[in-house]
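Reviewing the structure listed below.
Residue numbers begin at 1 in each chain, while the letters A, B, ... track the order of the sequences.
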Amino acid sequence: MSLSTKPLSGMRQRLPGEFRIEKFVTETLCLSSVRAGFEEYDGPVIEPLGLFAAKSGSELVGRQSYCFKDRGGREVILRPEMTPSLARMVAAQGELQLPVRWFSTPLCYRYERPQRGRVREFLQFNLDILGSENLAAELEVILVLQGIMKSFKAPSSIYRIGWSSRRFMSDALARCGVTKELTGGVFSAIDKRDKMKADAWADFLLGACGGNSVVARQVISLVSVEFLSDPWLMDLMSGSSAFQEVVEFNELLQGVGIPSAVFSPGVVRGLDYYTGIVFELMDTGGENNRSLCGGGRYDNLVGLFGNKKISGVGFGLGVLTLTLFLETYKLIPDSVREAAPADVYIAVASSDATAAAGLLAASIRDEGIRVMMDVSGKKLGKQFSEASRYGIPFVVTVGPDEVETGEYKMKNLSDGKIFTGSLAEITGRLK
RNA sequence: GUGGGUGUAGUUCAGUUGGUAGAGCCCCUGAUUGUGGUUCAGGUGGUCGCCGGUUCAAGCCCGGUCACCCACCCCA
């Protein structure tokens with residue numbers, strides 16, 4: 001009985017070609033963050049279960065987590081997300097200069113059935129600002145998000161940043177006549193609106209509203225609102241500070257001019273800890289059905305660790321979902337997809353020249369040039385094939401003749417021309 | 001956890017009413033013994049996912065099982 005050649009279901013395994021693409025994506029994310037003054041951090045993969053039990057949501061922790069007892073009998077969990085760890089790190093710092101602007105690309109784990117864009121071990125880019133209650137913080141993270149999309153050269157027509165506010169929606173639902181007990185159910189009903197047929201959804205919502213059709217009609221009006229200046233909405237929300245905040249944030253977005261950001265009362269977000277403005281990033285085409293990114297303001301997370309009240313705002317972005325999005329719109333550059341592993345290949349004409357070839361390889365490498373030396377021992381033609389397959393542009397041949405004369409032949413594989421020269425002349429050419 | 005689909009060469013797939021397993025690509029060898037790509041000639045490679053049943057005979061029919069994919073739930 002031999003071992004399986006497959007990794008555990010949903011676990012991450014990357015061949016060099018795939019890894020190169022993933023690396024391109026994460027490095028671009030990193031660059032966009034650094035450009036906005038954010039600093040990178042990291043946290044533990046294994047956390048105490050209690051860290052997530054409090055605020056992340058029962059579904060996430062109860063059914064979709066890798067949790068177990070360690071050898072010390074502690075209930076532990078492979079982190080399903082990063083934000084609670086971040087909140088703890090910030091809470092533990094006595095004299096941290098606030099606000100902090102941090103980002104990270106942690107591996108996270110969720111025990112769910114794998115499907116397109118969803119696996120069990122995944123990279124989730126996180127970017128947060130903690131310690132600012134100013135709406136400028138929301139604006140800043142959305143600006144970074146937009147900057148990320150720009151740096152991938154994604155035109156604003158192919159994605160949409162839908163945003164709303166938890167506080168506003170709770171207030172609005174109350175004013176529509178939804179009781180406190182029913183609010184949660186109505187929220188999740190709203191979340192499902194785009195996934196159901198209109199009639200079926202209306203029935204579903206009616207159920208969530210406790211069968212009260214007057215209330216249900218009000219809720220339908222609410223989520224159908226497209227503009228904040230809607231007279232019905234302004235009448236409903238008169239005197240609401242949450243509504244005022246939404247209007248204010250909308251003005252900020254208008255002022256900056258972010259065409260892809262759209263007020264969408266239907267955006268609710270799943271995680272329990274969000275309190276204020278929430279947003280998500282969606283593909284406007286039908287290819288990638290799930291949100292690529294979700295985020296918002298969370299006011300009470302740091303408070304779990306003591307008396308400090310530090311408000312945060314940030315988002316999580318799935319590296320895999322983003323990569324699928326980029327693939328769909330052909331936004332992964334060919335230079336990344338087809339990158340050669342070396343600048344020059346050293347072909348060894350006969351085995352007695354191996355030491356000389358090694359010496360040559362080392363001295364060219366010292367100049368910062370990427371050199372792949374043949375280790376196959378195959379005949380010369382095969383070595384050229386190998387270089388060609390790798391996409392390496394130059395081949396230098398080393399054999400008894402070269403060892404004797406110190407003159408090397410370098411072939412340019414794209415035009416077939418051969419250059420002859422000393423080691424210094426060869427490296428000069430390659431630089 | 002629920003529903004649907006697919007399992008045949010390294011890979012993508014074809015395989016007729018049940019009759020001894022096929023193609024493209026890849027890979028290997030040679031034409032070219034110190035120079036790749038193109039071309040040409042040849043070649044390797046299969047427990048048809050697994051177990052059982054029906055049959056003279058099963059890749060094909062039936063039952064079970066496992067794996068993967070897709071959708072739902074949830075979420076990045």
Measuring only the [atom1] atom in each nucleotide, how far is [N] from [M]? A whole number of Å is fine.
| N | M | atom1 | value |
| --- | --- | --- | --- |
| B:C69 | B:U11 | P | 14 Å |
| B:G7 | B:G59 | P | 15 Å |
| B:U38 | B:C27 | P | 10 Å |
| B:U65 | B:U29 | C1' | 43 Å |
| B:C70 | B:U12 | P | 14 Å |
| B:A21 | B:C48 | P | 10 Å |
| B:C73 | B:A57 | C1' | 47 Å |
| B:A9 | B:A23 | C1' | 11 Å |

- Message: If you assign each of A:Phe384 and A:Gly117 to its closest nucleotide in RNA chain B, which residue comes earlier from the 5' end?
- Response: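 Upstream on the strand: A:Phe384.
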
- Starting from the 5' end of RNA chain B, give me the residue, A:Lys411 or A:Ser291, whose nearest nucleotide shows up first.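 Counting from the 5' end, the first nearest nucleotide belongs to A:Lys411.
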
[X] [atom1] to [N] [atom2]: how many Å, rounded?
| X | N | atom1 | atom2 | answer |
| --- | --- | --- | --- | --- |
| A:Ile418 | B:G36 | CD1 | C1' | 11 Å |
| A:Leu320 | B:A76 | CG | P | 14 Å |
| A:Gln64 | B:C72 | CD | P | 13 Å |
| A:Lys409 | B:G36 | NZ | C1' | 16 Å |
| A:Phe52 | B:C74 | CZ | C1' | 16 Å |
| A:Glu112 | B:A71 | CD | P | 12 Å |
| A:Arg120 | B:C74 | CZ | P | 18 Å |
| A:Asp191 | B:C72 | CG | C1' | 14 Å |

- Task: Report yes if some heavy atom in the side chain of A:Ser224 is under 4.5 Å from a heavy atom in the side chain of A:Arg193; otherwise report no.
- Result: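 A:Ser224 reaches A:Arg193 side chain to side chain.
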
- With the side chain counted from C-beta on, respond yes when A:Ile392 and A:Leu413 share a heavy-atom pair under 4.5 Å apart, and no when they do not.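 A side-chain contact is absent here, since even the closest heavy-atom pair is not under 4.5 Å.
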
- Message: Requiring both pairing distances under 3.5 angstrom, list the stems that contain RNA chain B and are made of three or more consecutive Watson-Crick or G-U pairs.
- Response: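 Stems for RNA chain B, defined as runs of 3 or more consecutive pairs: B:1-7 with B:66-72, B:10-13 with B:22-25, B:27-31 with B:39-43, B:49-53 with B:61-65.
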
- Looking at the side chain of A:Arg290, which of B:C74, B:U35, B:C69 is the nearest nucleotide?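 Comparing B:C74, B:U35, B:C69 against the side chain of A:Arg290, the answer is B:C74.
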
- Of all the choices, B:C73, B:U35, B:A76, which nucleotide is nearest to the side chain of A:Thr397 once you look at every atom?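 The answer is B:U35, which lies nearest to the side chain.
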
- Message: A quick test of your reading: do over 12 heavy atoms of other residues, nucleotides or ligands sit less than 6.0 Å from CZ of A:Arg14?
- Response: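 Atom CZ in A:Arg14 is packed in, count exceeds 12.
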
- With a 3.5 Å cut-off and just heavy-atom distances, do the side chain of A:Arg116 and the base of B:C70 make a donor-acceptor pair?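 No such pair is found, so the answer is no.
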
Any base atoms under 4.0 Å from [X], or only sugar-phosphate, or nothing? Heavy atoms, all strands.
| X | value |
| --- | --- |
| A:Gly316 | sugar-phosphate |
| A:Val119 | base |
| A:Asn126 | nothing |
| A:Leu123 | nothing |
| A:Glu280 | nothing |
| A:Pro400 | base |

So, is [X] close to the [N] phosphate, meaning a side-chain N or O under 4.0 Å from OP1 or OP2?
| X | N | result |
| --- | --- | --- |
| A:Lys192 | B:C74 | yes |
| A:Arg110 | B:C73 | no |
| A:Gln115 | B:A71 | yes |

- Please list, chain by chain and in numerical order, all residues satisfying ring-ring contact (aromatic ring centres under 6.0 Å, His included) with A:Phe419, sequence neighbours excluded.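 Result, ring-ring contact (aromatic ring centres under 6.0 Å, His included) vs A:Phe419: none returned.
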
- Pair A:Arg35-A:Ser151, side-chain hydrogen bond (donor to acceptor under 3.5 Å, both in side chains): steps then yes or no: CA-CA 11 Å; A:Arg35 191 180 290 167; A:Ser151 63; 5.6 Å; no

Closest contact, heavy atoms only, [X] versus [Y]:
| X | Y | value |
| --- | --- | --- |
| A:Leu127 | A:Ser33 | CD1-OG, 3.6 Å |
| A:Ala347 | A:Phe384 | CB-CE1, 4.3 Å |
| A:Gly210 | A:Leu182 | N-CD1, 3.9 Å |

Mind checking what makes salt bridge (charged side-chain N to carboxylate O under 4.0 Å, His left out) contact with [X], not counting sequence neighbours?
| X | answer |
| --- | --- |
| A:Lys431 | A:Glu367 |
| A:Glu386 | none |
| A:Asp283 | none |

- Query: Does anything in residues 387-408 of chain A pair up under ring pair (Phe, Tyr, Trp, His ring centres under 6.0 Å), and if so which pairs, sequence neighbours excluded?
  - Reply: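 Those involving residues 387-408 of chain A do not exist here.
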
- Selection residues 136-166 of chain A - residue pairs positive for ring pair (Phe, Tyr, Trp, His ring centres under 6.0 Å), sequence neighbours left out: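 Qualifying pairs, neighbours excluded: A:Phe24-A:Phe152, A:Trp163-A:Phe249, A:Trp163-A:Phe263.
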
Any protein N or O atoms within reach of nucleotides 64-68 of chain B? Criterion: under 3.5 Å, listing atom names and distances.
unit_1 : atom_1 : unit_2 : atom_2 : d
B:A67  : O2'    : A:Lys6 : NZ     : 2.8

- Item | Set of residues satisfying side-chain contact (heavy atoms from CB on, under 4.5 Å) with respect to A:Leu292, sequence neighbours excluded |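 So A:Leu292 forms a side-chain contact (heavy atoms from CB on, under 4.5 Å) with A:Leu281, A:Thr321, A:Phe325.
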
- Task: Mind checking side-chain contact (heavy atoms from CB on, under 4.5 Å) for A:Phe204 and listing every partner two or more places apart, or none if nothing turns up?
- Result: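 A:Phe204 satisfies side-chain contact (heavy atoms from CB on, under 4.5 Å) with A:Ala189, A:Lys192, A:Met196 only.
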
- Task: Going by the side chain to side chain donor-acceptor pair (under 3.5 Å) test, name the single residue among A:Glu121, A:Gln64, A:Arg79, A:Glu81 that passes it with A:Tyr109.
- Result: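 Exactly one candidate clears the test, A:Glu121.
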
- Could you tell me whether the side-chain ring of A:Phe125 sits stacked on the base of B:A76, using a centroid cut-off under 5.5 Å and a plane angle under 30°?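 Base of B:A76: not stacked against A:Phe125.
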
Detail all sub-3.5 Å separations between protein N/O atoms and N/O atoms belonging to nucleotides 4-7 of chain B.
none

- N-O pairing of A:Arg12 and A:Glu18 below 4.0 Å: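 No, A:Arg12 and A:Glu18 are not salt-bridged.
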
- Go along nucleotides 24-29 of chain B 5' to 3' and tag each nucleotide: B for a protein heavy atom under 4.0 Å from its base, S when only backbone or sugar atoms are that close, - otherwise. ---SSS

